[in-house]
Amino acid sequence: MKIVYCATVQPTYGGLRTFNQGLTQSLAKLCEIRNITFEIVAHQNYKEDYSKFATHWFSGNHMVFEQVKLPALLNKLKADVAIFPHNRISLAGLRSVKSACIFHDLLFWRYPKKLPFTKLRTRHFLLKYASNHADFKFAVSEFTAEELAAFNSNCKATVCYQATMGKSNIVPAPLEFLASEHIQKPYFVYLGAHSFQKNLTSLLLAFRAFYEKNPGYQLVIAGGSGTSSLEIRQVMASFKQDVDIVFTGFLTDAEKETVLKNALAFVYPSIYEGFGIPILEAFERDIPVLTTTCASLPEVGGDAVLACDPDAESLEKGLHLLANMSDLERQEMIEKGKQQLAKYSWEQSAEIVLNTLTGKALHT
């Protein structure tokens with residue numbers, strides 16, 4: 001049997017890149033044990049991620065390649081199954097190659113006004129096609145599986161959770177990095193894109209209200225720009241008094257490690273997530289987590305997080321609870337986080353995927 005993992009969409013950073021890295025590594029190991037051929041198709045810009053595998057490189061536009069050239073390549077390779085890990089599959093020409101699609105979220109469907117009409121219709125069409133025609137369907141959470149079923153009642157997906165890449169090989173940046181970013185007080189940290197679903201404007205308003213009574217704290221916003229960057233700047237400009245909020249921009253892995261492990265708590269105020277890897281990354285660094293009751297976040301965080309509604313008032317109350325937490329309460333949250341983190345591994349997800357593709361029951 002030959003399985004080809006089609007990592008045709010590969011962002012520079014973020015959840016999909018982590019997913020591709022984690023799942024391919026574990027699938028490759030498991031396929032070797034089971035004497036299954038495992039190969040990858042990836043863009044030549046990401047040789048760092050896939051150079052250790054049997055990889056077929058391409059260049060140019062990923063959408064054109066995926067829909068025009070990839071089917072012929074898969075047929076030439078005599079693949080038995082092609083895994084598409086990003087909500088869509090090639091539209092035609094796969095012949096005897098079975099397709100497996102992994103669905104991450106249906107953000108565009110839940111918030112259609114956030115996308116231009118043409119892009120919205122394209123994503124809708126591709127998702128509809130994949131949810132109807134993929135031979136195997138997977139979702140990264142129970143929440144996403146339920147979203148798929150609501151979108152297309154004929155689509156029943158098997159859940160293969162996400163996980164973290166671990167921190168064993170990451171050397172933290174020196175503590176001087178915090179000072180260079182003017183991080184000098186106990187701080188709450190958010191890490192991720194500045195996209196509308198991340199709900200950062202509510203977090204900013206919550207911290208402003210919190211800061212009026214607690215000026216001895218900082219809020220650190222780490223991550224790249226996104227769809228709400230303009231709104232964030234407008235909210236910041238509306239504050240009549242200085243509020244100690246630090247925007248670091250994109251962080252390297254080493255800088256991210258230092259910022260996370262020295263934080264008072266991690267705050268993830270999203271209104272929509274297909275999974276939520278940053279929550280697990282916070283558990284991994286032994287810091288408490290404040291998040292919301294929205295989408296997949298209760299599923300991922302379980303009882304290890306402090307959960308609230310996504311409005312500014314509720315988030316402010318959550319910040320107060322974290323700031324006034326006793327050492328014992330904090331340690332209890334950290335221990336629960338470790339227990340919750342242990343539920344997720346790429347090895348388990350790879351086994352679920354491979355057992356589904358080969359028709360075997362999941363090992364227990």
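In this chain, residues are counted from 1 in sequence order.
The salt bridge (Lys or Arg N to Asp or Glu O under 4.0 Å) check on Arg17 picks up Asp49, with sequence neighbours excluded. In terms of the salt bridge (Lys or Arg N to Asp or Glu O under 4.0 Å) criterion, Lys52 has no residue partners (sequence neighbours excluded). Scanning for ring-ring contact (aromatic ring centres under 6.0 Å, His included) contacts around Phe177 gives an empty result, with sequence neighbours left out. With sequence neighbours excluded, the residues forming a side chain to side chain contact (heavy atoms under 4.5 Å, CB included) with Phe151 are Leu106, Trp109, His124, Leu127, Lys128, Ser131, listed by chain and number. Every ring-ring contact (aromatic ring centres under 6.0 Å, His included) that Phe19 has, sequence neighbours left out, goes to His104, Trp346. Residues that satisfy the side chain to side chain contact (heavy atoms under 4.5 Å, CB included) test with Ser202, not counting sequence neighbours, are Asn199, Leu315. Residues meeting the side chain to side chain contact (heavy atoms under 4.5 Å, CB included) test with Lys137, sequence neighbours left out: Phe103, Ala134, Cys155, Ala157. Annotation: ring-ring contact (aromatic ring centres under 6.0 Å, His included) contacts of Phe65 (sequence neighbours excluded): Phe58. In this view, Thr8 and Glu66, His86 satisfy the side-chain hydrogen bond (donor to acceptor under 3.5 Å, both in side chains) rule, not counting sequence neighbours.
A donor-acceptor pair under 3.5 Å is absent between the side-chain atoms of Glu316 and the main chain of Phe207, judged by distance alone. Remark: side-chain polar atoms of Tyr50 are not paired, donor with acceptor, to backbone N or O of Thr24 under 3.5 angstrom. Under a 3.5 Å cut-off, the side chain of Thr291 and the backbone N or O of Pro269 do not form any donor-acceptor pair. The closest donor-acceptor contact from the side chain of Gln218 to the backbone of Lys185 lies under 3.5 Å. Formation of a donor-acceptor pair under 3.5 Å by the Ser314 side chain with backbone atoms of Pro310 is not found in this model. A distance-only check finds a donor-acceptor pair linking the side chain of Ser141 to the backbone of Thr144 [under 3.5 Å]. Side-chain atoms of Asn152 come within 3.5 Å of backbone atoms of Asn154 as a donor-acceptor pair (strictly under, hydrogens ignored). Judged purely by atom type and a 3.5 angstrom limit, Glu299 uses its side chain to pair as donor or acceptor with the backbone of Glu142. Here the side chain of Glu255 pairs a donor or acceptor atom with the backbone of Thr252 at under 3.5 angstrom. Formation of a donor-acceptor pair under 3.5 Å by the Thr55 side chain with backbone atoms of Ser51 is not found in this model.
Inter-residue side-chain proximity for Leu107 and Gln197 is flagged as met; some heavy-atom pair is nearer than 4.5 Å. Using a 4.5 Å heavy-atom cutoff, the side chains of Val41 and Tyr5 are not in contact. Contact check for Trp57 versus His43: no side-chain heavy atoms found under the 4.5 Å cut-off. Within the 4.5 Å cutoff, the side chain of Thr292 has no heavy atoms near those of the Asp309 side chain. Counting heavy atoms from C-beta outward, Thr358 and Ile36 have side chains that approach closer than 4.5 Å. With contacts defined as side-chain heavy-atom distances shorter than 4.5 Å, the pair Ile83/Leu357 qualifies. Residues Gln184 and Leu178 form no side-chain contact, since every pair of their non-hydrogen atoms from C-beta on lies 4.5 Å or further apart. Between Ser99 and Phe136, every side-chain heavy-atom pair lies at or beyond the 4.5 Å cut-off.
Between Ser26 atom OG and Ile352 atom CD1 the span is 11.5 Å, to the nearest 0.5 Å. One distance of note links NZ of Lys29 with CZ of Phe38; it measures 12.0 Å at 0.5 Å rounding. With rounding to the nearest 0.5 Å, the separation of OG in Ser349 from CG in Leu354 is 12.5 Å. Atoms CD1 and NZ, from Ile221 and Lys198 in turn, are 12.5 Å apart once rounded to the nearest 0.5 Å. For the atom pair Arg34 CZ and Leu27 CG, the distance stands at 10.0 Å (nearest 0.5 Å). Atom CG of residue Leu203 and atom CZ of residue Arg208 lie 12.5 Å apart, to the nearest 0.5 angstrom.
Counted within 6.0 Å of CD on Glu32, heavy atoms from surrounding residues, nucleotides or ligands total 12 or fewer; the atom is thus considered open. The 12-atom threshold is exceeded at NZ of Lys2, counting heavy atoms of other residues, nucleotides or ligands nearer than 6.0 Å.
Of all heavy-atom pairs between Ile279 and Gly301, the closest is CG2-CA, 4.4 Å. Smallest separation of non-hydrogen atoms from Leu74 and Ala82: CD1-CB, 3.7 Å. Here the closest non-hydrogen pair linking Glu351 and Leu30 is CA-CD2, 3.5 Å. The minimum heavy-atom distance linking Val140 with Phe275 is given by the pair O-CD1, 3.3 Å. When all heavy atoms are compared, the tightest approach of Ala79 to Val4 is CB-CG2, 3.6 Å. Counting all heavy atoms, side chain and backbone alike, Leu264 lies closest to Pro288 at O-CD, 3.5 Å.
The salt bridge (charged side-chain N to carboxylate O under 4.0 Å, His left out) analysis of residues 323-346, with sequence neighbours excluded, yields the pairs Glu335-Lys338. Every pair tested for side-chain hydrogen bond (donor to acceptor under 3.5 Å, both in side chains) that includes a residue from residues 75-85 fails, sequence neighbours excluded, so the list is empty. Screening residues 95-116 for salt bridge (charged side-chain N to carboxylate O under 4.0 Å, His left out), with sequence neighbours left out, gives Arg110-Glu147.
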>> Evaluate Asn87 against Leu126 for side chain to side chain contact (heavy atoms under 4.5 Å, CB included), listing each step before the verdict.
In response: CA-CA 8 Å; Asn87 280 33; Leu126 291 173; over 6 Å; no

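Residues Tyr187 and Tyr217 place their aromatic rings such that the two centres sit no closer than 6.0 Å. Taking the six-membered ring for Trp and the full ring otherwise, the centers of Phe143 and Tyr272 sit less than 6.0 Å from each other. Between Phe266 and Tyr268, the gap from one ring centroid to the other is short of 6.0 Å.
In this structure, Arg285 pairs ionically with Glu257, as a charged nitrogen and a carboxylate oxygen lie closer than 4.0 Å.
In this structure, a donor-acceptor pair under 3.5 Å is absent between the side chains of Thr248 and Glu181. The closest side-chain donor-acceptor pair between Ser228 and Glu231, if any, does not fall under 3.5 angstrom.
The cluster map of Ile, Leu, Val, Met, Phe, Trp and Tyr, joined by side-chain heavy atoms under 4.5 Å apart, puts Leu175 and Ile287 in the same cluster. Hydrophobic clustering, with ILVMFWY side chains joined whenever heavy atoms are under 4.5 angstrom apart, groups Leu290 together with Leu321.
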